[in-house]
Amino acid sequence: MAPSAKPTIRTKREPEVVVFDGGAVTRNPTDNKFAYKSFMSSKVSKINAKPPAPKSVKEQKEDEEGRHHDRQLAELLEGKTMIEKLHESQLTGKERHKNNTQKLVNLGMKIKRKEKMPTDMFYNSEKARAGRASKAIQDVRDRGLLSAQVKRDIELLHMGKTTEKKRERRPIDRGLMANTGRMKDGMLHISKKHIDRVNGTAANGSSRVSKSKGKGKNKGNGKGRR
């Protein structure tokens, strides 16, 4: 018989523990600001660029004066904008339109003014438009396609207006309505209040006064309608 193999003994290894010290890589952003911007830049030439030379005291003073002037200019523009808004809020619609137009003119916009046409030329052009409209209407009529809507569209196309006259609404005569008055013994009885209301001569509050007086009399006499 072959000799039995000895069992292998496996030693258990403990896991390695790595401690990360964040303080070692902590950097002050103000110290390496230029290096960080150069590294993050999309241009390859800036990655290995050398940092600029520090500014002199005079240049730092000029930069500070420039930033001060920028702040003053921003405050002036903000105040001017506030004054303009307050002024525009107090203008009417026509004045606001005129004010906005003047602003556009100051910015360089050219306003096209409508030229006045002589009277005889205006009437001749209107006559020519009417002639073209009537010719087009006659052409459509000959083809049997003329209708009120087609005629209106042709006039609007050539003349910019229609010759159709607007129907005037006739005044409605109110008269006596079917529910006015009451029938008794084959006759229609109408009170004076309804007649005055139709004629427009009814006095405001007269009916209420008469009703209140009538009720007082009835209560005093002790008589009522049956």
When rounded to the nearest 0.5 Å, the distance separating CZ of R141 from OG of S134 is 9.5 Å
Here the pair of heavy atoms bringing E88 nearest to K103 is OE2-NZ, 2.6 Å
Check I154 against A133 and note the closest heavy-atom contact, atom names and distance.
-> CG2-O, 3.8 Å
Output for pair (K58 NZ, D63 CG), nearest 0.5 Å, gives 12.5 Å
For E84, the side chain to side chain donor-acceptor pair (under 3.5 Å) test, sequence neighbours excluded, returns none
Closest non-hydrogen atoms of T101 and H97, given as atom of the first, atom of the second and distance, are OG1-O, 2.7 Å
Does the pair E64/R67 count as a salt bridge with the N-to-O cut at 4.0 Å?
-> yes
Non-hydrogen atoms of T162 and R152 that approach each other most closely | CG2-CG, 3.3 Å
Residues, nucleotides or ligands: over 12 heavy atoms within 6.0 Å of E78 CD | no
Do M117 and Y123 sit in the same hydrophobic cluster, where Ile, Leu, Val, Met, Phe, Trp and Tyr count as joined when their side-chain heavy atoms come under 4.5 Å apart?
-> yes
NZ/NE/NH1/NH2 to OD/OE distance under 4.0 Å, R129 and E126 = yes
Distance-only side-chain donor-acceptor flag, E95 / N99, under 3.5 Å = no
Flag the pair L145 / V150 as yes when at least one side-chain heavy-atom distance between them is below 4.5 Å, and no otherwise.
-> no
Can you tell me if CE on M109 sees more than 12 non-hydrogen neighbours from other groups inside 6.0 Å?
-> yes
Within a strict 4.5 Å, meaning less than it, do heavy atoms of the K98 and L91 side chains meet?
-> no
Contacts of type side chain to side chain donor-acceptor pair (under 3.5 Å), residue E65, not counting sequence neighbours | none
Pairwise distance NZ(K85) to CD(Q90) - rounded to 0.5 angstrom | 15.0 Å
Could you tell me whether the side chain of N124 and the main chain of D120 form a donor-acceptor pair under 3.5 Å?
-> yes
To the nearest 0.5 Å, what is the distance between CG (L76) and OG1 (T81)?
-> 10.5 Å
Side chain D139, main chain K135, donor-acceptor under 3.5 Å = no
